[in-house]
Trainee: 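Next up is a structure, given as structure tokens.
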Amino acid sequence: MVSKYFCLLVLLSTTLLSAQKTAYTSLAISDSLKDNANAVVRLNQIDIDITSQRNMTVKTKRVVTVFNEKGLGAVDAVESYDKRTSIRAIEATVFDSEGKEIKKIKRKDFKDQSAADGVTIFSDNRYLYLDYTPIQYPFTIIFDSEIETSTTAFIPQWFPLTDYFVSVEKSILNVNYPDNLGFRKMEFNFSTFKIKKNADTATQLSYTATTIPAQKSEDYSPAFSTIFPKVMMGLELFHLEGVDGNAKTWKEFGQWYSDKILSGTTELSEETKTKVKTLIGAEKDPIKKAKKVYKYVQEKVRYISIQVGIGGWKPMLASDVDRLGYGDCKALTNYTKALLTAVNVPSYYTILYGDRKKTDIQSDFVSMQGNHIILAIPIGSGYTWLECTSQDDPFGYQGTFTDDRTVLVVKPSGGEIVRTKVYDDEGNSQVDTGTYSLSEKGDLSGKITIVSQGSQYSSKAPIQSWNPIDKDSHYKEYWDNINNLKLGKIAFSDDKENVKLSENIEISAVNYGTITNGKMMFAINAFNQYTGNVKRIRNRKNPFEIQRGYIDTDEINVVLPPEFSIEFLPANFELNSKYGVYKTEIVKKDASNLIYKRTLFVKKGLYSSKEYDEYRLFIEQISKNDNAKIILTLN
């Protein structure tokens with residue numbers, strides 16, 4: 001009898017081990033999920049248990065097979081903690097391609113790091129992360145964690161698909177909550193994916209997503225979070241930073257945030273108040289006062305990057321920023337607000353999503369959102385916006401990180417959803433004026449002034465502070481149409497009052513003109529050729545978006561070598577499309593002097609996937625014409 005039980009136990013143990021080995025072998029993954037995938041999420045199960053207004057636990061179980069180095073990010077084995085959030089459990093196990101266990105990683109093996117290393121004031125905000133270097137590919141990793149927190153204002157969003165080139169076998173969300181906290185949810189982009197709703201009651205919500213193939217990253221796609229499935233969740237009765245909250249509307253939420261989270265954080269010493277009042281002097285105009293304060297902040301403090309949510313939601317005290325001279329976006333915004341209050345200039349803490357890809361606060365879903373903070377100064381019926389983390393931005397300028405998106409302005413009277421500054425397509429301008437001459441050998445010598453405004457200023461302004469090697473690399477890449485390019489003097493003029501950057505550059509290049517059998521040929525558009533291309537994408541799935549329109553205008557004087565005469569000039573060209581307008585014109589002043597004029601105007605817009613090829617052809621025509629050649633004949 002004992003031997004029978006023993007045999008049964010051995011058989012059961014062998015079966016379980018065999019099943020486990022089969023489950024974690026990469027050979028079990030279907031070919032459809034391997035296609036275009038750097039990694040496959042075998043299982044991502046998130047169990048959220050909200051037991052009260054002040055308590056929430058989140059259990060995560062993630063099983064990921066990684067095929068190559070590019071897929072390592074899909075493991076995402078990290079948890080943050082602070083004085084209100086504890087990590088109750090965290091571990092990982094690594095398996096080889098056949099499902100054999102390679103390594104067991106306990107909590108003590110995870111790296112423990114401050115959210116801002118070396119900055120003692122943020123020592124409460126830390127995170128544990130897995131720093132695993134694989135010895136072979138593919139491998140499979142199981143990551144298990146459990147956190148407990150009193151913060152219920154922020155319920156993690158569910159993303160069945162988390163990244164491009166990552167496929168999903170199964171993703172599960174289970175949420176349990178009391179029926180008296182006002183739980184609500186919002187679903188996005190479910191229609192084209194296999195997502196099943198298992199439960200949706202007064203106390204439970206559950207979904208399962210299965211068999212999601214890896215999605216290719218398609219150029220010009222809108223922000224990832226706006227086109228792939230997700231679920232947002234929130235509570236009307238919540239808890240944040242040690243304070244209970246109750247908000248059904250943005251007005252209520254903003255008023256609560258102002259009263260309970262920001263209150264008491266803007267106190268400054270009398271010495272600092274006196275200093276800033278002396279700085280302002282007799283100035284009465286609020287915007288002129290704000291400009292002086294903004295300049296003072298830029299010169300006094302430095303920015304330390306800590307993402308909103310990891311570093312807590314309450315800003316550090318303005319007095320601490322004043323004393324220490326640094327802070328994250330919350331701290332520096334709040335500090336600037338405190339200084340402005342000291343000189344009677346109203347301003348408001350503003351929550352938004354900061355990203356080069358525009359992402360809106362979801363205005364029809366009241367909840368804790370955003371990852372960045374800026375400052376709003378009321379002016380007339382609108383606002384002037386201050387990016388308080390930058391030591392270089394002009395006053396009131398919004399670059400591509402915060403422009404043209406819905407944000408939450410937090411006022412004592414309540415929250416307000418508004419849109420940040422929208423730069424019109426025509427306002428995102430680059431104006432090129434210059435001259436170049438060609439020698440009888442085809443060598444080019446020239447100089448150009450490039451004036452950039454609007455969003456184009458945002459991309460050009462940082463170049464000023466680059467080291468000479470990086471500047472050289474930048475301009476050689478920018479003018480990759482000019483072989484043998486040599487850069488001469490480079491000078492900048494940064495008009496921050498009008499937010500206008502001028503680049504003044506001298507260049508030269510041997511053999512720009514190609515000479516064959518007594519004829520010289522060269523592209524007349526030397527300075528602003530569209531040399532890139534819009535990638536051909538067969539069976540495109542995503543819509544495409546031109547997030548920011550722009551206009552480039554060029555007027556270049558071209559001096560021809562007197563030893564040659566003109567044999568052929570490209571015809572004037574004009575292209576009109578729903579995507580924009582392109583024009584070129586060559587004016588012959590005399591036998592040796594030409595003026596080349598060019599305008600490229602591209603409109604912002606959101607278009608269907610079917611229109612992508614039409615846009616690609618529009619750009620191809622521009623690129624082709626930008627390379628139009630002049631032919632000269634030796635006299």
Side-chain angles (χ1 to χ4, degrees), residues 217-227 353 355-360 382 385 397-407 418-433 450-461 478 498-501 525 527-537 540-556 572-585 596-628:
S217 177
E218 297 178 334
D219 290 351
Y220 295 92
S221 291
F224 186 93
S225 62
T226 65
I227 56 177
Y353 286 107
D355 199 281
R356 304 296 174 196
K357 288 257 188 179
K358 300 174 189 174
T359 304
D360 291 329
W385 307 96
Y397 176 70
Q398 281 199 282
T400 54
F401 195 68
T402 61
D403 69 324
D404 191 15
R405 66 204 70 195
T406 53
V407 302
V418 301
R419 196 160 201 89
T420 56
K421 183 174 177 60
V422 179
Y423 292 99
D424 295 332
D425 295 342
E426 294 86 349
N428 300 325
S429 64
Q430 176 180 302
V431 178
D432 294 355
T433 54
I450 304 171
V451 180
S452 303
Q453 293 182 275
S455 63
Q456 299 220 50
Y457 174 94
S458 183
S459 61
K460 301 291 187 63
Y478 182 70
N498 296 299
V499 194
K500 181 188 297 185
L501 180 75
N525 183 4
F527 286 125
N528 197 10
Q529 276 196 35
Y530 197 112
T531 57
N533 60 72
V534 176
K535 189 185 298 182
R536 186 188 296 272
I537 301 175
R540 183 183 176 98
K541 296 180 180 179
N542 299 335
F544 83 94
E545 184 175 22
I546 303 170
Q547 285 220 327
R548 296 171 185 87
Y550 63 90
I551 184 167
D552 285 4
T553 58
D554 308 273
E555 185 165 323
I556 308 298
N572 295 340
F573 185 81
E574 183 170 347
L575 179 62
N576 287 284
S577 162
K578 62 185 173 185
Y579 309 110
V581 177
Y582 172 77
K583 294 180 182 180
T584 60
E585 180 185 4
Y596 174 71
K597 298 180 179 181
R598 173 185 182 271
T599 300
L600 172 59
F601 174 50
V602 176
K603 303 175 184 177
K604 77 173 179 181
L606 180 63
Y607 304 92
S608 72
S609 59
K610 295 178 181 178
E611 295 172 286
Y612 179 77
D613 272 343
E614 189 180 335
Y615 174 69
R616 182 178 59 81
L617 293 172
F618 170 68
I619 295 298
E620 276 188 4
Q621 286 179 279
I622 292 167
S623 181
K624 180 180 179 181
N625 196 72
D626 268 357
N627 196 36

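In what follows, every heavy atom counts, from backbone to side chain, and hydrogens, waters and symmetry copies are set aside.
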Trainee: Look up atom OH in Y478 and atom CG in N528, then write down how far apart they are to the nearest 0.5 Å.
Mentor: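 Here the interatomic distance stands at 4.0 Å.
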
Trainee: Would one find more than 12 heavy atoms of other residues, nucleotides or ligands at under 6.0 Å from atom NZ of K624?
Mentor: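 Atom NZ in K624 is not crowded, with 12 or fewer foreign heavy atoms closer than 6.0 Å.
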
Trainee: Which atom names give the shortest non-hydrogen contact between T226 and A223, and what distance separates them?
Mentor: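 Looking at all heavy atoms of both residues, the closest pair is OG1-O, 2.6 Å.
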
Trainee: Would you check if there is a donor-acceptor pair between the side chains of E574 and N572 at a distance under 3.5 Å?
Mentor: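 The criterion, which ignores hydrogens and geometry beyond distance, is not satisfied for E574 and N572.
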
Trainee: Take T359 and R405 through the side-chain contact (heavy atoms from CB on, under 4.5 Å) test and state the conclusion after the steps.
Mentor: CA-CA 6 Å; T359 304; R405 66 204 70 195; 5.5 Å; no

Trainee: Going by side-chain hydrogen bond (donor to acceptor under 3.5 Å, both in side chains), name the residues that satisfy it together with D425, two or more places apart in sequence or in a different chain.
Mentor: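 Checked D425 against side-chain hydrogen bond (donor to acceptor under 3.5 Å, both in side chains); zero matches.
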
Trainee: Do we see a donor-acceptor contact under 3.5 Å between the side chains of N625 and Y582?
Mentor: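 Note: N625 and Y582 side chains meet the donor-acceptor criterion.
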
Trainee: Would you give the length of the straight line joining atom NZ of K535 to atom CD of E218, rounded to the nearest 0.5 angstrom?
Mentor: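 If we round to the nearest 0.5 Å, K535:NZ and E218:CD are 9.5 Å apart.
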
Trainee: What are the two closest heavy atoms between N498 and Q453, and how far apart are they?
Mentor: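 Result for this residue pair: O-NE2, 3.7 Å.
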
Trainee: How would you list, by chain and number, every residue that makes a side-chain contact (heavy atoms from CB on, under 4.5 Å) with S455, sequence neighbours excluded?
Mentor: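 For S455 the side-chain contact (heavy atoms from CB on, under 4.5 Å) partners, ignoring immediate neighbours, are T400, N428, R548.
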
Trainee: May I ask you to decide whether E620 forms a salt bridge with R616, counting only side-chain N to carboxylate O separations under 4.0 Å?
Mentor: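 A salt bridge is present here (some side-chain N lies under 4.0 Å from a carboxylate O).
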
Trainee: Does K357 reach the main-chain N or O of F224 with its side chain, forming a donor-acceptor pair under 3.5 Å?
Mentor: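 No.
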
Trainee: Fit a plane to each ring of F618 and Y579, take the angle between them on a 0 to 90° scale, and name the class: parallel (under 30°), tilted (30 to 60°) or perpendicular (over 60°).
Mentor: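 If you compare the ring of F618 with that of Y579, the planes turn out tilted.
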
Trainee: What distance separates R356 CZ from S458 OG, expressed to the nearest 0.5 Å?
Mentor: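 The CZ atom of R356 sits 5.5 Å away from the OG atom of S458.
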
Trainee: D424: what forms a side-chain contact (heavy atoms from CB on, under 4.5 Å) with it, not counting sequence neighbours?
Mentor: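 In terms of side-chain contact (heavy atoms from CB on, under 4.5 Å), with neighbours along the sequence ignored, D424 is linked to E426.
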
Trainee: Looking only at heavy atoms, what is the nearest atom pair of S429 and Q456, with distance?
Mentor: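 Minimum heavy-atom contact is C-NE2, 3.6 Å.
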
Trainee: Report the residues that fulfil side-chain contact (heavy atoms from CB on, under 4.5 Å) with T406, sequence neighbours left out, ordered by chain and then residue number.
Mentor: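 Here the qualifying residues are D360, I361, I417, R419.
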
Trainee: Taking only residues two or more places apart in sequence or in another chain, which ones pass side-chain contact (heavy atoms from CB on, under 4.5 Å) with K460?
Mentor: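 If we apply the side-chain contact (heavy atoms from CB on, under 4.5 Å) test to K460, skipping adjacent residues, the hits are Q430, I450, S452, I463, L501, E503.
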
Trainee: Report all side-chain donor-acceptor pairs from residues 598-609 shorter than 3.5 Å, counting only partners two or more places apart or in another chain.
Mentor:
residue: R598; atom: NE; partner: D626; partner atom: OD1; Å: 2.9
residue: R598; atom: NE; partner: D626; partner atom: OD2; Å: 3.4
residue: R598; atom: NH1; partner: D554; partner atom: OD2; Å: 3.1
residue: R598; atom: NH2; partner: D626; partner atom: OD2; Å: 2.9
residue: K604; atom: NZ; partner: D404; partner atom: OD2; Å: 3.1
residue: S608; atom: OG; partner: K610; partner atom: N; Å: 3.4
residue: S608; atom: OG; partner: E611; partner atom: OE1; Å: 3.2

Trainee: To the nearest 0.5 Å, tell me how far S217 OG sits from D219 CG.
Mentor: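 So the gap between those two atoms works out to 6.5 Å.
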
Trainee: Could you walk me through whether V418 and V407 pass the side-chain contact (heavy atoms from CB on, under 4.5 Å) check?
Mentor: CA-CA 6 Å; V418 301; V407 302; 3.8 Å; yes

Trainee: Between Y615 and Y220, does the ring centroid distance fall short of 6.0 Å?
Mentor: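 For Y615 and Y220, the ring centres are under 6.0 Å apart.
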
Trainee: Can you tell me how far CD1 of I622 sits from CZ of F573, rounded to the nearest 0.5 angstrom?
Mentor: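 Atom-to-atom, F573:CZ and I622:CD1 are 8.5 Å apart.
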
Trainee: Any donor-acceptor pair under 3.5 Å linking the side chain of Y612 with the backbone of K541?
Mentor: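 Not at all, since once roles are kept as given, no pair shorter than 3.5 Å links the two residues.
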
Trainee: Using a 4.5 Å cut-off on heavy atoms from C-beta on, say whether the side chain of K358 contacts that of E545.
Mentor: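 Sidechains of K358 and E545: no contact.
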
Trainee: Taking all non-hydrogen atoms of both residues into account, name the closest pair between W385 and Q398 and its distance.
Mentor: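 Nearest heavy atoms, W385 then Q398: CD1-OE1, 3.1 Å.
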
Trainee: Roughly how far, to the nearest 0.5 Å, is CZ of F544 from OG of S221?
Mentor: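 Output value for this atom pair is 10.5 Å.
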
Trainee: Working note: K421 + Y397, criterion side-chain contact (heavy atoms from CB on, under 4.5 Å); need CA distance, chi angles, decisive distance, verdict.
Mentor: CA-CA 9 Å; K421 183 174 177 60; Y397 176 70; over 6 Å; no

